[in-house]
Amino acid sequence: MKDVHVVVLAAGQGTRMKSQLPKVLHRLGGRPLIEHVLRSSDAIAPSTITLIVGHGGDQVRSAMVTRPNVRYALQEPQLGTAHALQQAEAELSGKEGTLVLLSGDVPMLTGQTLRRLLETHHSAGAAATVVTAVLERPYGYGRIVRSNGTIAKIVEERDASPEVRQIREINSGIYAFDLAPLFEALRGIASQNAQGEYYLTDLIAIYRRRKLPVETLLVENPLEIRGINSRTELAEVSRIVRQTKNEELMAAGVTIVDPATTYIDPDVEVGADTVIHPGVAIEGHTRVGAACEIHSHVRLVDCEIANKAVIQNFCLVIGSRIAEGASIGPFAHIRPESVVGEGAKIGNFVELKKTTMGPGAKANHLAYLGDATIGAKVNVGAGTITCNYDGTTKHPTVIEDGAFIGSDSQLIAPVRIGKGAYVAAGSSITNDVPDGALGIARSRQTNVTDWVERRTSQPKD
Ligand code: UD1
Ligand code: CA
């Protein structure tokens, strides 16, 4: 097997996005466009990957933390696709094998198509293989002009005659090239065309003149080669990505009440017999178990939700783990690094941050629990607040198994409430409460007898 080198063109401005963000960093199904492209290229195990960057190049580089092996070549100014590919020459000097050229804004290409591209290219012994598609509306794309069935040249829309514009087979902008003749041949490309750019597509006619064999690979599904040029196109393709994911999950036994309003990122896993109600977003690397119920208007980001958990309406759960049979919400906010134990219950208007709730523990109403470790079967009363922040540092609260925190208590951290201990309602707890004790920390009540009568009988001036 020959070495494969991937080059991705990502230097263009993406004018039609009207964005400060480079086009290839716009997100589709939760990941940047460029990440989709790189994932499809994983299927052909390239020995090198080079991104051609220009507009917003630094932003693209810093967004690529998970891809430390990617190399970069700067194209400045951007003089066309042939000029863009030329920038990879230094990175690839002395290398042999096959160069696969991808576009940073074509996110739906499958790894399978790339494998087929290599097979076609190698078995034909081609110098270049062009991925093509037949479109209902080919407007805007370069057209594949054939003579006697063989590709003769590619003509850009703007340079095409009315006859050539009738051709419905288009250039996807994805190619395989034999490295040997490539960079020398690129130098033969001129910029005498409607846009005054160096067109990579001119290489095909050059190769044919030199009798270098050129092949094509037709993809059946035009979605694969669809480029994203505007926010409208981004939204259209996003909808297709979501629909595909929803269909996949439904086929695997998940009930999605209204797929049109359900937003599930591609990497999310959901178990069978889970029911997902309208208006739910499940993002990132979230895993939802089997037989869960996710009610309307819930957003789950990078969470693990075990089997039979119930997330009631209007909850936001981020970076947390919800154990089997636990129940969250409605209107709960579970912030990162929280763990809600088996069968535990988090009720309405409860916020958790970096907090562990033991199995069977409850915080049913109106509480802030931050940096807290809460044991099994603890009952946290309404209005309880862990005062975890002194203005400088965060402090931990520990509530041992079976403790009972009366309503409207403040637990001023660092503090520990012992096993089975009680905190009286309305307490401001500043010291540890030992196991089995009652902590009571509030001023005593005084009743002023006959106060009302005395007030009303006072003479008015
Ligand atoms: C290109 C092809 C066209 C094909 C279409 C498929 C050429 C001349 N035309 O047209 O035949 O049908 O793609 O989508 O190749 N880029 C750079 N530097 C540049 C110019 C472009 O990196 O100087 C990058 C862009 O960021 C983009 C890709 O190359 O990722 C394609 O460029 P674009 O200008 O969008 O080409 P099209 O006009 O779409
Ligand atoms: Ca384009």
Side-chain angles (χ1 to χ4, degrees), residues 6-17 19 21-26 28 32-34 36-38 40-41 50-57 59-60 72-89 100-109 128 130-135 137-145 151-160 164-165 167-175 177 186 189-206 214 216-219 222-230 233-234 237:
V6 164
V7 174
V8 186
L9 301 190
Q13 186 166 15
T15 319
R16 278 175 284 166
M17 295 300 281
S19 179
L21 191 70
K23 178 161 80 175
V24 296
L25 295 186
H26 280 261
L28 171 71
L33 294 177
I34 186 74
H36 286 267
V37 175
L38 295 177
S40 66
S41 78
T50 307
L51 287 195
I52 311 297
V53 293
H55 280 280
Q59 271 173 282
V60 175
Y72 299 89
L74 184 67
Q75 185 199 19
E76 191 60 68
Q78 288 89 33
L79 302 178
T81 46
H83 178 252
L85 179 53
Q86 276 177 317
Q87 312 311 310
E89 184 169 10
V100 171
L101 185 67
L102 305 175
S103 247
D105 61 353
V106 180
M108 300 302 287
L109 190 73
V130 185
V131 176
T132 73
V134 173
L135 301 186
R137 281 172 296 167
Y139 180 81
Y141 287 94
R143 304 299 205 286
I144 306 295
V145 178
I151 182 169
K153 58 181 175 178
I154 299 174
V155 182
E156 291 306 294
E157 172 83 31
R158 296 204 221 186
D159 302 292
V164 167
R165 286 184 187 177
I167 297 173
R168 288 171 47 227
E169 188 184 11
I170 61 97
N171 169 29
S172 69
I174 290 151
Y175 319 79
F177 295 109
L186 283 177
I189 292 177
S191 61
Q192 275 86 35
N193 51 53
Q195 300 189 81
E197 287 187 1
Y198 296 90
Y199 286 170
L200 178 59
T201 44
D202 287 353
L203 195 68
I204 304 307
I206 293 175
V214 181
T216 56
L217 172 72
L218 182 79
V219 293
L223 176 66
E224 278 204 50
I225 52 96
R226 187 135 152 199
I228 307 279
N229 296 297
S230 65
E233 287 172 1
L234 182 62
V237 177

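Counting starts at 1 for both ligands and their atoms, following the listed order.
Leu79 counts as a contact of ligand 1, since one of its heavy atoms falls under 4.0 Å from the ligand. Heavy-atom distances between Ile52 and ligand 1 stay at or above 4.0 Å for every pair.
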Full working for side-chain hydrogen bond (donor to acceptor under 3.5 Å, both in side chains) between Tyr198 and Asp202 | CA-CA 8 Å; Tyr198 296 90; Asp202 287 353; over 6 Å; no

Please assess Asn193 against Gln195 for the test side-chain contact (heavy atoms from CB on, under 4.5 Å), listing each intermediate value before the final yes or no.
-> CA-CA 6 Å; Asn193 51 53; Gln195 300 189 81; 4.0 Å; yes

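Atoms CG and OG1, on Leu101 and Thr50 in that order, are 10.5 Å from each other to the nearest 0.5 Å.
Near Ser172, meaning under 4.0 Å from one of its heavy atoms, ligand 1 places the atoms 6 (C), 14 (O). Applying the 4.0 Å criterion to heavy atoms of Asp105 picks out, from ligand 1, the atoms 30 (O).
Residue-to-ligand polar distances place Gly12 within reach of ligand 1: an N/O pair is separated by less than 3.5 Å. At a 3.5 angstrom cut-off on N or O pairs, Gly142 counts as close to ligand 1. Considering backbone and side-chain atoms together, Tyr141 places no N or O closer than 3.5 Å to any N or O of ligand 1. Polar contact check, Leu9 against ligand 1: a nitrogen or oxygen pair lies under 3.5 Å apart. Considering backbone and side-chain N/O of Asn229, none are found under 3.5 Å from N/O of ligand 1.
A donor-acceptor contact shorter than 3.5 Å is absent between the side chain of Arg143 and the backbone of Ile170.
Considering only non-hydrogen atoms, atom 11 (O) of ligand 1 lies nearest to Glu156 out of Arg16, Glu156, Glu157. Within the set Gly140, Gly80, Ala84, Ala11, the minimum heavy-atom distance to atom 20 (C) of ligand 1 is found for Gly80.
Across all non-hydrogen atoms, the minimal contact from Leu85 to Leu9 is N-CD2, 4.2 Å. Here the closest non-hydrogen pair linking Leu218 and Glu169 is CD1-OE2, 4.1 Å. Residues Ala82 and Tyr199 share a closest heavy-atom pair of CB-C, 3.6 Å.
When heavy-atom distances to ligand 1 are checked against a 4.0 Å cut-off, Val24 has no atom that comes that close, whether in backbone or side chain. At a 4.0 Å heavy-atom cut-off, ligand 1 touches Gln75 through the side chain alone.
Val8 pairs in a side chain to side chain contact (heavy atoms under 4.5 Å, CB included) with only one of the listed residues (Ile52, Val53, Leu38, Val100), which is Leu38.
Residues Arg168 and Pro138 are in side-chain contact: their nearest non-hydrogen atoms beyond the backbone lie under 4.5 Å apart.
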